[in-house]
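Structure, as structure tokens:
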Amino acid sequence: MATASEFAWSKDFTIGLIGMGDMGKMYARRLTNAGWRVMACDREEKYEELAKEFADNTNIQILRNGHLVSRASNYIIYSVEAAAIGRVVEQFGPSTRLGAIVGGQTSCKDPEIKAFEAYLPSDVDIVSCHSLHGPNVDPRGQPLVLIKHRASDESFAKVESVLSCLNSTHVYLTAKEHDRITADTQAVTHAAFLSMGKAWHANRQFPWEEGSRYVGGIENVKINLMLRIYAQKWHVYAGLAILNPEAHKQIGQFARSTTELFYLMLEGKEEELRERVYKAKEKVFGAEGSPKWAGRPLLKEELLDRFSLNKPTGDETNQKVKALPNNHLSLLAMVDCWSALGIVPYDHMICSTPLFRLWLGVTEHLFRTPGLLDECLRVGIEDKSFRRDDLQFTIAAAGWAECVSLRQFDTWRERFAVTQRFFEPRKKDQRRG
């Protein structure tokens with residue numbers, strides 16, 4: 001791990017953190033552990049609480065507000081919600097130290113860069129970043145996007161030096177490239193899991209308690225990642241979807257793909273469904289004989305079984321429960337959406353999140369395992385076991401898409417919170433187990 005002592009200029013260099021949520025605290029701890037001097041703040045009412053939390057850390061000073069952080073820091077990182085970035089930068093940006101470097105940690109760069117350009121003094125350099133993982137994920141080897149928007153080579157090198165303590169893989173993009181790639185890799189992925197949660201909630205189901213309905217590797221990953229999404233704060237996903245112009249068309253297309261494929265299943269149009277899905281497979285994953293996937297799958301099948309939340313009882317302890325066949329509408333719709341938008345997911349692996357890599361892994365598993373895709377199509381036409389689930393999933397996907405198109409943060413928050421509350425008691429049971 002690179003430490004501050006390796007850089008001669010570090011003794012006179014202070015890092016400012018405005019926003020001490022989960023990611024802000026993660027950055028604060030990583031930076032101070034590497035020997036960097038940090039000044040940080042959150043909302044003023046949190047001052048006492050933060051000061052107490054970091055009282056034993058001699059490398060960090062908690063201040064009351066962003067004005068005090070901005071005027072004293074050489075490199076300032078705004079780690080606030082994407083929806084709030086404009087207001088916060090407008091408030092504290094004019095206090096920025098002469099010649100400082102400023103960046104942001106939001107998941108959507110369009111409003112962040114606009115705020116910096118509007119409210120920061122012209123002598124300030126702008127270098128933004130985005131760690132493509134959550135606060136509880138080890139940053140080593142994970143993608144860290146760096147955006148040299150308005151900065152000298154010297155300022156950019158200093159930012160790289162400071163953030164090298166994360167041991168992440170640096171990826172260099174423009175703000176627009178960042179938003180397009182995060183829309184391609186994250187927005188639709190999140191929409192899929194948000195819709196799964198809403199569907200199970202609507203049907204009052206805890207899928208890991210549904211016996212043979214949700215058993216097996218693919219189901220294990222779907223359930224776990226849905227719970228992971230709903231364990232986070234609502235604004236993490238709302239900002240990325242609603243404020244990212246690139247995300248609107250992806251989420252809208254996912255809803256259309258879901259609806260149209262579900263209609264084909266309902267209407268029994270087997271040949272049309274098969275033709276559409278196989279056409280999408282070829283466009284996204286390549287033709288037979290020249291696939292775009294690697295020689296080895298992203299996820300091994302035996303690894304998928306490790307995600308199981310089911311607690312076997314009685315005879316199930318000693319024998320594997322036979323899974324009920326599923327049409328996997330969410331996975332079919334994802335590939336159909338990628339196909340319609342011309343997205344090849346492998347092109348963005350360098351900027352992928354752990355969640356996206358798992359989702360792509362199970363999607364690839366479905367499409368490359370001999371016979372599995374044909375079985376899904378057969379079930380979609382002939383088997384009505386999952387019709388209620390698919391109906392609610394389709395409704396949920398359309399609901400999230402409407403939230404995004406109307407830029408409805410309040411509606412998004414309420415939709416998210418009510419489903420989060422539904423799963424919370426059972427998530428606690430699973431953690432205790």
Side-chain angles (χ1 to χ4, degrees), residues 1-42 47 50-80 92 95-106 116 120 123-173:
M1 178 180 72
T3 61
S5 61
E6 297 177 30
F7 309 101
W9 46 268
S10 66
K11 64 180 183 299
D12 299 318
F13 197 84
T14 299
I15 301 165
L17 295 175
I18 296 177
M20 288 289 279
D22 294 336
M23 286 301 288
K25 289 179 180 178
M26 187 275 282
Y27 264 58
R29 292 190 174 98
R30 295 276 176 175
L31 290 167
T32 54
N33 287 345
W36 294 100
R37 185 168 62 253
V38 172
M39 293 182 174
C41 73
D42 203 280
Y47 170 74
L50 279 174
K52 182 177 180 181
E53 182 177 348
F54 287 90
D56 295 332
N57 190 332
T58 57
N59 282 338
I60 188 169
Q61 181 181 2
I62 302 299
L63 302 177
R64 288 192 175 275
N65 59 57
H67 293 296
L68 300 175
V69 172
S70 293
R71 66 195 296 261
S73 302
N74 303 92
Y75 171 35
I76 302 142
I77 303 173
Y78 284 82
S79 188
V80 300
F92 301 128
S95 298
T96 304
R97 179 174 177 164
L98 180 69
I101 309 165
V102 175
Q105 234 296 51
T106 64
F116 289 159
L120 293 178
D123 58 81
V124 170
D125 281 356
I126 300 172
V127 180
S128 264
C129 65
H130 183 200
S131 290
L132 292 172
H133 57 83
N136 298 318
V137 174
D138 188 337
R140 288 178 295 182
Q142 298 294 340
L144 170 62
V145 174
L146 296 174
I147 299 170
K148 183 183 178 184
H149 181 72
R150 186 182 79 194
S152 66
D153 291 342
E154 179 184 4
S155 292
F156 189 72
K158 285 183 177 179
V159 170
E160 282 212 276
S161 298
V162 169
L163 298 182
S164 63
C165 68
L166 300 174
N167 290 319
S168 297
T169 300
H170 292 185
V171 181
Y172 308 101
L173 299 173

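Here the shortest heavy-atom pairing between Gly104 and Ser128 reads N-OG, 3.1 Å. Closest approach of Pro139 and His133 over heavy atoms only: CB-NE2, 3.5 Å. In plain terms, the two heavy atoms of Leu50 and Cys41 that are nearest each other are CD1-C, 4.4 Å. Heavy-atom minimum distance, Asn59 versus Gly35: ND2-CA, 3.9 Å. Considering all non-hydrogen atoms of both residues, Trp9 and Ser161 come closest at CZ2-CB, 3.7 Å. Here the shortest heavy-atom pairing between Tyr75 and Gly103 reads CE1-N, 4.4 Å.
Under a 4.0 Å N-O distance rule, the pair Lys148/Asp153 qualifies as a salt bridge.
When side chains are defined from C-beta on, Gln105 counts as touching Ser131, because their heavy atoms get closer than 4.5 Å. You'll find the side chain of Glu6 reaches within 4.5 Å of the side chain of Thr3, heavy atoms only. You'll find the side chain of Ile76 stays beyond 4.5 Å of the side chain of Phe92, heavy atoms only. Counting only heavy atoms from C-beta outward, the side chains of Ser70 and Ile18 approach each other to under 4.5 Å. Using a 4.5 Å heavy-atom cutoff, the side chains of Leu146 and Glu160 are in contact. The side-chain heavy atoms of Tyr78 and Thr106, taken from C-beta on, include no pair separated by under 4.5 Å. Side-chain contact between Met20 and Ile60 is present, with heavy atoms from C-beta onward closer than 4.5 Å.
Rounding to the nearest 0.5 Å gives a distance of 5.5 Å between CG of Leu163 and OH of Tyr27. The distance from atom NZ of Lys25 to atom CG of Asp42, rounded to the nearest 0.5 Å, is 8.0 Å. Between Phe116 atom CZ and Ile126 atom CD1 the span is 7.0 Å, to the nearest 0.5 Å. Of the inter-residue distances, the one linking Arg140 atom CZ with Gln142 atom CD reads 10.5 Å to the nearest 0.5 angstrom. Here Asn74 contributes atom CG and Trp36 contributes atom CH2; the two are 10.0 Å apart, rounded to the nearest 0.5 Å. Taken from CE in Met26 to CG in Asp138, the straight-line distance is 9.5 Å, to the nearest 0.5 Å.
A side-chain donor-acceptor contact under 3.5 Å links Thr32 to the backbone of Arg29. Judged purely by atom type and a 3.5 angstrom limit, Ser10 uses its side chain to pair as donor or acceptor with the backbone of Ala4.
Counting heavy-atom neighbours within 6.0 Å of Arg150 CZ, excluding the residue itself, gives a total above 12. Within a 6.0 Å radius of CG in Asp123, other residues, nucleotides and ligands contribute more than 12 heavy atoms.
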>> Would Leu17 and Ser79 count as a side-chain contact (heavy atoms from CB on, under 4.5 Å) here? Give the steps.
In response: CA-CA 7 Å; Leu17 295 175; Ser79 188; 5.8 Å; no
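Side chain to side chain, Arg37 and Thr14 meet the donor-acceptor criterion of an N or O pair below 3.5 Å.
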